[in-house]
Amino acid sequence: MANTHQVSFKLNGKAVEVSVEPRELLIHTLREKLAHTGPHIGCETSHCGACTVDMDGMSVKSCTVLTVQCAGSELLTVEGLEQGGVLHALQQAFHEEHGLQCGYCTPGMITRAYRLLKENPNPTEQDIRYGIAGNLCRCTGYQNIVKAVQSAARKLASTPASA
Ligand code: FES
Ligand code: FES
């Protein structure tokens, strides 16, 4: 390919380097070149948030980021949340509170909730609903997702070292 760029960044703590055209979207690089297929694609208009990843401490919709913009960044995807075989409190809470059905929105939803709880460790129900408003779910009606985030927030508050 004539116009490719080498781009280096950290993905879930590991250094990676990819060769991309300037137009390549981060979601495609993650899924197709780096085998991180947790982040999903649910739209072409930046609404659904299924593609949400964490980039340098912000929730970003990776369908709306060019991979060349990620040079030097620290990226976190749902694949990086579990540590040593132990689920992150949010993953455990989504399981316990039945915060997912088809699971398609779940990687983006949990990755967004991860950043939300860092922004606001003790959110109200309204804070949570507003905080995940960039993430659409067709299955759950959101109620159990809110419960899962509340449950994870309580657990993280009692064990701050695991946050
Ligand atoms: S795929 Fe829908 S917002 Fe990214
Ligand atoms: S669990 Fe199916 S879209 Fe959310």
Side-chain angles (χ1 to χ4, degrees), residues 5 7 9-12 16 18 20-82 86-120 123-156:
H5 296 256
V7 182
F9 50 83
K10 273 201 176 168
L11 177 59
N12 297 330
V16 297
V18 285
V20 295
E21 288 185 60
R23 65 177 182 151
E24 184 164 314
L25 297 172
L26 177 58
I27 184 69
H28 290 136
T29 303
L30 291 172
R31 292 180 53 82
E32 293 160 26
K33 295 198 169 137
L34 298 171
H36 281 55
T37 55
H40 290 138
I41 302 169
C43 73
E44 296 181 335
T45 50
S46 309
H47 281 83
C48 76
C51 61
T52 301
V53 303
D54 201 80
M55 178 177 176
D56 295 332
M58 288 180 294
S59 293
V60 301
K61 294 181 174 181
S62 62
C63 72
T64 315
V65 175
L66 297 169
T67 304
V68 289
Q69 294 176 292
C70 298
S73 290
E74 301 239 2
L75 298 176
L76 176 76
T77 67
V78 71
E79 287 91 344
L81 287 180
E82 153 279 319
V86 179
L87 293 180
H88 186 276
L90 275 162
Q91 295 171 308
Q92 187 67 31
F94 270 66
H95 168 61
E96 289 170 1
E97 302 292 337
H98 307 287
L100 67 148
Q101 290 178 38
C102 79
Y104 199 89
C105 74
T106 313
M109 197 67 86
I110 288 183
T111 310
R112 169 58 198 144
Y114 171 83
R115 182 53 49 191
L116 170 63
L117 291 183
K118 294 216 177 280
E119 294 163 351
N120 181 358
T124 64
E125 176 179 347
Q126 194 176 11
D127 293 336
I128 294 170
R129 288 185 184 273
Y130 185 78
I132 61 168
N135 293 73
L136 301 182
C137 175
R138 64 187 170 182
C139 303
T140 64
Y142 301 99
Q143 188 67 18
N144 287 353
I145 291 176
V146 174
K147 284 188 193 166
V149 178
Q150 287 171 321
S151 167
R154 283 193 297 272
K155 189 160 184 196
L156 290 169

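All values reported here derive from a predicted model rather than from experimental measurement. Atom set for the values below is all heavy atoms of this structure, side chains included, hydrogens, waters and symmetry mates excluded. Just so you know, ligand 1 is whichever comes first in the structure, and atom 1 is the first atom listed for that ligand.
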| task | Carefully, step by step, assess Thr67 and His28 under the rule side chain to side chain contact (heavy atoms under 4.5 Å, CB included). | result | CA-CA 9 Å; Thr67 304; His28 290 136; over 6 Å; no
| request: Pick one of side chain, backbone, both or neither for how Cys48 approaches ligand 1, counting any non-hydrogen atom pair under 4.0 Å. | output: both
| Would Glu119 and Arg115 pass as an ion pair if we require N to O under 4.0 Å? | no
| request: For Gln101, take its heavy atoms, then give the atoms of ligand 2 lying under 4.0 Å from any of them. | output: 1 (S)
| said: Among Gly141, Cys105, Gly42, which one puts a heavy atom closest to atom 4 (Fe) of ligand 2? | reply: Cys105
| Do any of the N, O or S atoms of Cys102 sit under 2.8 Å from atom 2 (Fe) of ligand 2? | yes
| note | If we number the atoms of ligand 1 from 1 as shown, the ones under 4.0 Å from a heavy atom of Ser46 are 3 (S)
| query | With atoms numbered from 1 as shown, which atoms in ligand 2 lie under 4.0 angstrom from a non-hydrogen atom of Gly103? | reply | 1 (S), 2 (Fe)
| field | Cys63 near atom 2 (Fe) of ligand 1: N/O/S under 2.8 Å | value | no
| message | Any N/O/S atom, side chain or main chain, of His47 closer to atom 2 (Fe) of ligand 1 than 2.8 Å? | response | no
| message | Between Asp56 and Ser73, is there a side-chain donor-acceptor contact under 3.5 Å, judged purely by atom types and distance? | response | yes
| task | Tell me whether Cys137 has at least one N, O or S atom under 2.8 Å from atom 2 (Fe) of ligand 2. | result | no
| Minimum-distance protein heavy atom relative to atom 3 (S) of ligand 2 | Arg138 N, 3.3 Å
| task | Step by step, work out the side chain to side chain contact (heavy atoms under 4.5 Å, CB included) result for His40 and Arg31. | result | CA-CA 8 Å; His40 290 138; Arg31 292 180 53 82; 3.4 Å; yes
| message | Could you measure the distance from the SG atom of Cys105 to the CG atom of Leu100? Nearest 0.5 Å is fine. | response | 7.5 Å
| What's the spacing between Glu79 CD and Leu11 CG if we round to 0.5 Å? | 8.0 Å
| request: Tell me yes or no: between the side chains of Gln126 and Thr124, is some donor less than 3.5 Å from an acceptor? | output: no
